[in-house]
Amino acid sequence: MIEGLIAGLFDGISIGAVLLIVALGLAIVFGLMGVINLAHGELMMLGAYTTYVVQNGAKGLGGWAVESYIFVALPLAFLVAALVGLLMERSVIRHLYGRPLETLLATWGVSLILRQFVRSVNSPMAIGLVIFAALFVVGLWVLRRYTDWERIRSWANPVFFLLSFAIAALAGFILQSSGSAQFTRAWFSARNVDVTPPSWLRGGLALGTVLQFPYARLFIIVLTVLCLVGIYWFLQKSVWGLRIRSVTQNRSMSACLGIPTERVDALTFALGSGLAGIAGCAVTLLGSVGPNLGGNYIVDAFMVVVVGGVGKLVGSIVAAMVIGIITYLVGSGTLALVLSPFAALQPVTDFFTFFATTSMAKVMVFALIIAFLQVRPAGMFPQKGRSVEV
Amino acid sequence: MAVDLPIQPRRTSKALRQKRLLIEAGIVVAIALVLILVMPLVLTGFRLGLLGRFLSLAIVALGIDLIWGFTGLLSLGHGIFFALGGYAFAMYLQLTELPAGQLPEFFSLYGVSSLPWFWQPFYSLPFTLLAMVAIPAIVAGLFGYLVFRNRIRGVYFSILTQAALVVFFNFFNGQQKLINGTNGLKTATSVFLGQQVGGPEMRYFFYVATVIALALMYALCRWLTSGRFGRMLVAIRDDENRVRFSGYNPASFKVLVFAVSGAIAGIAGALYTVQSGIISPQAMDIGFSIEMVIWVAVGGRATLIGAILGAVLVNIARTMLSERFPDVWLFFQGALFLLVVTALPDGIVGWVRSRFGDRLPALFGGPSAVPAYVAEMELEAESYREKELADQ
Amino acid sequence: MSQSVATPLPIADPLTAPMLKISGLNFFYGESHILRNVDLTVPKGQMVCLIGRNGVGKTTLLKNIMGLLRPRQGDIQYEGQSVTALSPDQRARRGIGYVPQGREIIPRLSVRENLLVGYEALGNRGQSINRQTIPEEIFELFPVLKTMLERMGGDLSGGQQQQLAIARAMMGKPKLLVLDEPTEGIQPSIILDIEAAIRRIIATAGISVLLVEQHLHFVRQADYYYAMQKGGIVASGPTQELTNDVIQQFLAV
Ligand SMILES: Nc1ncnc2c1ncn2[C@@H]1O[C@H](COP(=O)(O)OP(=O)(O)OP(=O)(O)O)[C@@H](O)[C@H]1O
Ligand SMILES: [Mg+2]
């Protein structure tokens, strides 16, 4: 009985930890810019694929590399996702500042592209992309240097974009149709791929006869705690953290004080995206990796942001844990089991039995969230002077 | 300061307005007649079926436009209402012509021996027709009430609708014993009004029904958005607080319009279901619901005709692209999202309008879709100007 | 985005150019014309005071100077160079310190952090300064702040916030200090403190000041005055010439 509850609590916390690590980046970005990034799940997926690639490399090396690939994969996943996030922010999101709904749609567009990208990326496409980036960047640099850029930018930008795109697409197409089968094969199979965790993360920590804490989940909990500590330290103690907090609370005054708000935005977005990459790396320990990996976590992560409220990390922490624990207790049937000895509570037990699957538990959690929002529309820890309507 | 209502009286004279309205009605009827009478001669049965489906999707687009284009509420969960309408009709089709006491076939797979209680009313056609509209409307209204009364809006509202969508998906997906879970309900072999639903006669019947429904829904939305109510919606979109300070309650308007939009989606879902032969939880896929928004955006939000055009065009593009290059479609769709948001915020109709100005027929009329923040600035400036006048 | 900025004046010699020179500035909120052909100059090392009734556009002018609002027409020159195209943070880092109306203290940063944020305006100037500590001069100007470094900025009283806002602006070693009604809603004794601090700043740091003020006593400390009405400058001159007539006309209700 007690063991069951402890095991349930542990599983709930571990679900909460995954949610939290996914939601962390979202919450920070949302707090600063009022932007919800629907491509957050796809940034996770990029982190997961990075882990997969690193692991394949490690398999080639064999031995110790297989055991420790994850410590290379984590920072790499962070970097890859952060770079893609940075690119997103610089190219699209910053033009949509102050239009959160449009930003939502734009990030969804990015998420579709990223999903299809991992399905169909192959060498010709990658080469085409590199050509495109080179043409566009070099072209703009030349233009900026030798012409009156401000005057021509309104038409030069799109024209240059399309031109580079057309050339790159042509090059990619030629490579695609002339290359060998080996050369044009997609990098990742369309089906999900598996990442084998290192052997020290398989199995679990046994306590007594019943309790078993899987190492993979313990690892994720520890990782989440480390991320939290890192973020907390960064926000509270570093110069950039101070800037981020200042801009989050009062953007225009921060600008008047000389804080470069555009760079703060870019950095924060990259940071949030990088955290998604870490989350993606973490969830490879729990299941297989596929283009739709992000979708499984992302909506729950949004709910963490909604329930936690913006602007305070502790809100996200509590929300993630509560949602995780309730989801687990209801979904696994633990609650129904606990209530079953009491005959008088039979209807209640039946009620909880009805919801005792993972997906039905989500139904119940959502109902609870809506109920909660009736009491606290701005979340658990609403930020003073900031309304829900961001 | 004189409290100025967010609603300005229309200046056009009544006679002119009536004339325009007549012209517009004429155009709508003409287009409907072309769709009903000419299209079947031009298109093969398969293509006509596709067009019918696209037109029913255009109906949802109208509903989306009503709340997003006009009222500024971005719903990412309209798949719920679409599916509810579809399920309502499909449940009726499962039961009709069934010998008394017998259950739809799939129930036996899960060992269900008696019909779940909520299926019972769907023996009746009038109830079904009502339910198709009323259930989505009630669900939307209830959800809207719980959310709007707390002044939750903007991105928060959008992601809550998305979460609701996922929840409904989970529910329908997980309940085999109640509604056949993942497999959904098939309608092609059922019999409706003495004919097989999948047969050619019925297919044409539903095509015509779709065209008529689209025309009616267009008229409804046109009516809703052109009068006082419509200007109220736009005022809410542009500056909700100002509406509140003027003594109106924006929440109730939003609940109402959200419910209407849900009902419209329900009708669309029912028509789509019978034309595609199945309704399953896939209709509540996250991507499908967001795609609905892009139809409206492509056509031009806050223009009803834009919603219809966008829905049909994007779906034609999808069919053509995914027939030939299945890989490209997602890239294309993603690029479409980015393009519409960054470069073409007013969509096709907005673009046409900006090129040809005011000389367009009333069909393309209606309030403009300037991004809310611009309108907000102008509105604010206007109120300050008035204040200034009052001060002097 | 400024649509048609008047052709920038020829770049003046930064040594002799005035600190700030605004010429032909026009600003609109939507369609309402808020600032009309404003010309205003702040000479180096001088204190200039802008007066005018509520709602004439003083704050709007200062926001244009900071870059929070973009003029439709006109040019703003700072140290002889046009800053009209620069963003607020770039202007701040060039040495314009801003103390806004309403103080705009960052509410959930501690007083210490609010002050440290003030260093941001240093940019590349003052590389040698240790940006982790707060210099004693600040506490000499505003002794109250020393006792409440760890309190949240949002929890201070209005008067304390005002002092914090000025101190914060001083952290960035501005060359031009722009103050918007620093004595608004503050009790007389604190007003005297603030006045004394500002006088001391001018005396010791030798910076230029543009001040929006309603308090006559304070206005009289300035070297020059500009009077504003309905968005335009209607009178200006040395403060000695600021007669009661002018005051009656443009300030009294
Ligand atoms: N965001 C805004 N949108 C439209 N008009 C505005 C806005 N802010 C201010 N105004 C108007 O611009 C005019 C000038 O305002 P401003 O704040 O510059 O006045 P002020 O001279 O600073 O007044 P006070 O002495 O009360 O501070 C006023 O008529 C005001 O109503
Ligand atoms: Mg003012």
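Atom set for the values below is all heavy atoms of this structure, side chains included, hydrogens, waters and symmetry mates excluded. Letters A, B, ... are given to chains in the order of the sequence lines, protein chains preceding strands, and every chain is numbered from 1.
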* To do: Quick one: which of A:V110, A:L104, A:L101, A:V299 has the most heavy-atom pairs under 4.5 Å with chain B, could you say?
  =>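 Winner by heavy-atom pair count: A:L101.
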* Asked: What residue, out of A:R119, A:M303, A:H95, has the most heavy-atom pairs lying under 4.5 Å from chain B?
  ->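 Maximum pair count with chain B is reached by A:M303.
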* Taking the six-membered ring of A:W108 (Phe, Tyr or Trp), confirm whether the NZ or CZ of A:R115 is under 6.0 Å from its centre and within 45° of its axis. => yes
What part of [X] lies closer than 4.5 angstrom to a heavy atom of chain A: side chain, backbone, both or neither?
{"X": "B:L76", "result": "side chain"}
{"X": "B:I290", "result": "side chain"}
{"X": "B:A297", "result": "neither"}

Sort [X] into side chain, backbone, both or neither according to what part of it lies under 4.5 angstrom from a heavy atom of chain B.
{"X": "A:I370", "value": "side chain"}
{"X": "A:I113", "value": "both"}
{"X": "A:V363", "value": "both"}
{"X": "A:L114", "value": "neither"}
{"X": "A:V365", "value": "neither"}
{"X": "A:L373", "value": "both"}

Check the side chains of [Y] and [X] for a donor-acceptor pair under 3.5 angstrom, ignoring hydrogens and angles.
{"X": "B:Q333", "Y": "B:R318", "value": "no"}
{"X": "B:W68", "Y": "B:S261", "value": "no"}
{"X": "B:N180", "Y": "B:Q175", "value": "no"}

* Out of curiosity, B:F143 CZ to B:F157 CZ, how far, rounded to the nearest 0.5 Å? -> 6.0 Å
* Asked: Less than 4.0 Å between a side-chain N and a carboxylate O, is that true for B:K254 and B:E240?
  ->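 Judged by the 4.0 Å cut-off on N to carboxylate O distance, B:E240 and B:K254 do form a salt bridge.
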* **Carboxylate-amine/guanidinium contact A:R251 A:D265, below 4.0 Å** => yes
* Taking the six-membered ring for Trp and the full ring for Phe, Tyr or His, determine whether the centres of A:F30 and B:Y156 are under 6.0 Å apart. =>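 Yes, the ring centres sit under 6.0 Å apart.
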* Option in B:L160, B:V166, B:I286, B:T342 with maximal non-hydrogen atom pairs under 4.5 Å from chain A ->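 Looking at each option in turn, the highest pair count goes to B:L160.
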